[in-house]
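Report on one structure; see the data block that follows.
A note on names: the letters A, B, ... follow the listed sequences, proteins ahead of strands, and every chain is numbered from 1.
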Protein chains: 2
Amino acid sequence: MRLRDELKELAIREQAMEMIVKEGFDGLSMQKLAKAAGVSPATIYIYFKDREDLIRQIYYEEMLVMSQETLKGFDPDMHFDEGLRVQWMNRAQYCMKYPLRMHFMEQMRHSPLHEKFQGDAQNPFSAAMKTFVANAIQRNELVKLPIEVYWSMAYAPLYQLIKFHQSENGMPGWGKFVLDEQTLNRTLDLVLKALKP
Amino acid sequence: MRLRDELKELAIREQAMEMIVKEGFDGLSMQKLAKAAGVSPATIYIYFKDREDLIRQIYYEEMLVMSQETLKGFDPDMHFDEGLRVQWMNRAQYCMKYPLRMHFMEQMRHSPLHEKFQGDAQNPFSAAMKTFVANAIQRNELVKLPIEVYWSMAYAPLYQLIKFHQSENGMPGWGKFVLDEQTLNRTLDLVLKALKP
DNA sequence: CAAAAATAAACGAACGTTCTTTTATTAAAA
DNA sequence: TTTTAATAAAAGAACGTTCGTTTATTTTTG
């Protein structure tokens with residue numbers, strides 16, 4: 001019997017991501033995707049049950065990789081400053097290196113598909129962060145607050161910065177914004193100032 | 001001659017928003033929309049040039065209303081604490097009152113259409129914020145920093161909180177999150193702590 | 001009556017998916 | 001070693017449906 005050509009599946013995944021990022025979810029058609037990936041439409045259905053399954057699989061895979069990248073060199077027992085810094089740098093590096101994947105995830109996260117898929121997605125990051133936050137509070141390195149407030153303060157500014165960086169226009173009325181390491185560090189300092197007791 | 005029935009246009013706009021929020025951009029079809037709005041497909045084309053123009057107009061209108069609501073009771077000459085608090089409360093109230101519109105805007109902001117439309121959208125908020133920030137820095141009520149960093153610190157946490165509140169699941173692994181006024185105020189205090197010199 | 005609003009019906013194009021056939025590859029048979 | 005049978009991958013063409021949009025016609029109202 002004939003073996004699967006994994007390069008084909010990879011091309012399908014990659015092109016699908018690119019189409020979604022560039023033209024939105026309604027820009028992803030199976031026939032256009034097949035053409036872009038250099039494959040017959042029928043071939044896509046060997047690897048994926050249907051259109052939704054294709055998107056779902058790309059999403060799950062990306063979620064997993066992103067979580068792992070964020071946790072590189074991270075330990076839940078780290079001091080709060082250091083742990084948060086590691087996470088910020090990991091995230092920033094990953095987003096800068098793979099802007100397409102970042103855009104895809106952002107688009108996913110804000111689409112109705114997100115709530116539909118969320119349940120089954122495995123996310124190693126959540127558990128690690130739980131311990132990390134508990135430790136930090138116990139050591140009095142972090143003010144006590146609901147986990148959602150912590151998340152909002154600790155990560156939302158980072159993602160917003162990255163989004164500015166990757167936007168062509170920056171803020172309306174201002175020029176293009178470039179996120180360098182100094183700006184990243186200074187913003188992190190502000191966040192730490194807010195979160196430390 | 002016959003006059004336009006503005007209720008029809010309103011129904012079209014409202015149903016379009018609902019379809020996009022509930023099913024995503026690929027869930028918005030002109031024929032389904034016509035049926036949902038109780039109107040003939042051709043009627044939509046009296047009010048809107050085409051599908052993209054429909055989305056664009058809804059977006060511009062919503063952008064304008066949202067900006068205005070955010071600026072209610074706000075004055076760029078206010079002290080920093082007070083000004084930011086007014087904006088937070090205005091935004092929070094509006095998002096709680098009109099979750100559909102909020103979801104629509106969030107989806108828009110993270111889709112490829114956003115960059116496409118951004119140029120022409122008028123946004124009274126931007127100019128007001130520019131003055132507000134300049135004033136605050138001059139009075140030494142706010143640390144000096146790039147406008148993008150300011151935005152990321154000052155508003156991203158708020159939007160993230162609201163998103164948690166409106167999400168069915170809250171954070172994965174935790175229960176549903178309810179954003180009450182106390183939590184909102186405490187988070188704002190954290191933000192102010194970060195931003196004040 | 002004039003004129004614009006509104007509609008029903010229809011257009012070709014594109015959609016997601018499947019059917020049928022061909023191709024490539026492995027393992028057994030000669 | 002060569003041939004053959006078996007099997008899954010891959011392709012191409014086509015399925016019926018729905019898409020965005022328009023045309024031809026009717027309805028409403030100043």
Side-chain angles (χ1 to χ4, degrees), chain A residues 1-61 104 107-108 111-114 116-117, chain B residues 1-61 104 107-108 111-114 116-117:
Chain A
M1 76 168 183
R2 192 171 168 185
L3 288 179
R4 287 195 175 184
D5 183 350
E6 292 184 30
L7 290 178
K8 288 215 161 75
E9 192 191 339
L10 213 74
I12 295 169
R13 294 180 108 105
E14 200 63 26
Q15 289 296 329
M17 234 195 226
E18 193 164 326
M19 290 178 73
I20 290 174
V21 167
K22 292 198 175 159
E23 308 177 52
F25 285 107
D26 39 356
L28 173 74
S29 102
M30 302 302 271
Q31 318 199 67
K32 283 197 296 172
L33 171 59
K35 188 157 285 183
V39 137
S40 159
T43 301
I44 301 177
Y45 289 85
I46 296 172
Y47 296 92
F48 306 94
K49 196 176 135 288
D50 52 28
R51 200 184 99 115
E52 189 175 295
D53 181 59
L54 166 67
I55 301 176
R56 172 180 252 126
Q57 283 200 38
I58 297 176
Y59 175 61
Y60 286 172
E61 161 75 11
F104 170 76
Q107 213 162 317
M108 265 306 224
S111 83
L113 290 174
H114 183 243
K116 203 171 181 179
F117 292 168
Chain B
M1 75 168 184
R2 191 174 170 182
L3 288 179
R4 286 194 177 183
D5 183 350
E6 292 184 30
L7 290 179
K8 286 213 163 77
E9 192 191 338
L10 212 74
I12 294 169
R13 295 179 108 107
E14 200 63 26
Q15 289 296 330
M17 235 195 225
E18 194 165 324
M19 290 178 71
I20 290 173
V21 167
K22 292 198 175 158
E23 310 176 52
F25 285 107
D26 39 355
L28 174 74
S29 103
M30 302 301 272
Q31 320 201 61
K32 284 197 297 175
L33 171 58
K35 188 156 286 184
V39 139
S40 157
T43 303
I44 302 176
Y45 290 85
I46 297 172
Y47 296 92
F48 306 96
K49 195 176 135 289
D50 53 28
R51 198 184 101 115
E52 188 174 296
D53 181 59
L54 165 67
I55 301 175
R56 173 179 251 126
Q57 283 200 39
I58 297 176
Y59 175 62
Y60 285 172
E61 162 74 12
F104 170 77
Q107 213 163 315
M108 265 308 226
S111 83
L113 289 174
H114 183 241
K116 203 171 182 179
F117 292 168

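Between Y45(A) and the phosphate of dC19(C), there is no side-chain N or O to OP1/OP2 separation shorter than 4.0 Å. Distances shown here put every side-chain N or O of S29(B) at or beyond 4.0 Å from the OP1 or OP2 atom of dT18(D). For dA11(D), one of the phosphate oxygens OP1 or OP2 lies less than 4.0 angstrom from a side-chain nitrogen or oxygen of T43(A).
We find that CD of E23(A) is positioned 14 Å from C1' of dC15(C), with the value rounded to whole Å. Atom CG of L33(B) is separated from atom P of dT21(D) by 12 Å (rounded to the nearest Å). The interatomic distance linking F25(A) (CZ) with dG16(C) (P) rounds to 14 Å, in whole Å. If you take CG of L7(B) and C1' of dA6(C), they are 15 Å apart, rounded to a whole angstrom. The distance from atom CG of D50(B) to atom P of dT22(D) is 8 Å, rounded to the nearest whole Å. Rounded to a whole Å, the CG atom of D53(B) is 14 Å from the C1' atom of dG20(D). Taking atom CE of M30(A) as the reference point, atom P of dA13(D) lies 19 Å away to the nearest angstrom. In this structure, R4(B) atom CZ and dA5(C) atom P are separated by 5 Å, rounded to whole Å.
No engagement by I44(A) is indicated, since no non-hydrogen atom pair under 4.0 Å with the nucleic acid exists. Across all strands shown, F48(B) has no heavy atoms under 4.0 Å from either base or sugar-phosphate atoms. Contacts of L28(B) with the nucleic acid, taken as non-hydrogen atoms under 4.0 Å apart, involve only primed sugar atoms and P, OP1 or OP2.
In this structure, of dA10(C), dA11(D), dG16(C), it is dA10(C) that holds the atom nearest to the side chain of Q31(B). Comparing dT22(D), dA6(C), dA9(D) against the side chain of I46(A) picks out dA9(D) as the nearest. Comparing dA11(D), dC15(C), dT26(C) by their nearest atom to the side chain of A42(A) picks out dA11(D). Out of dA9(D), dT26(C), dT21(D), the shortest distance to the side chain of L3(A) is found at dT26(C).
With I44(B) as reference, M30(B) is the one residue of K8(B), E9(B), M30(B), R51(B) to meet the side-chain contact (heavy atoms from CB on, under 4.5 Å) rule.
Within 3.5 Å, no donor on the side chain of R2(A) pairs with an acceptor on the base of dT26(C), nor the reverse. For dT17(C), the base has no donor-acceptor partner in the side chain of R51(A) [N/O atoms by modelled type, under 3.5 angstrom].
Judged by distance alone, with hydrogens and angles left aside, the side-chain atoms of Y60(B) form a donor-acceptor pair with the main-chain N or O of F117(B) at under 3.5 Å. Under a 3.5 Å cut-off, the side chain of K32(A) and the backbone N or O of M19(A) do not form any donor-acceptor pair.
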Practice task
Please lay out, stage by stage, how E52(A) and K116(A) fare under the test salt bridge (Lys or Arg N to Asp or Glu O under 4.0 Å).
Solution key: CA-CA 11 Å; E52(A) 189 175 295; K116(A) 203 171 181 179; 3.0 Å; yes
Handout entry: Intermediate values then yes/no, side chain to side chain contact (heavy atoms under 4.5 Å, CB included), I55(B) and M108(B)
Key = CA-CA 9 Å; I55(B) 301 175; M108(B) 265 308 226; 3.1 Å; yes
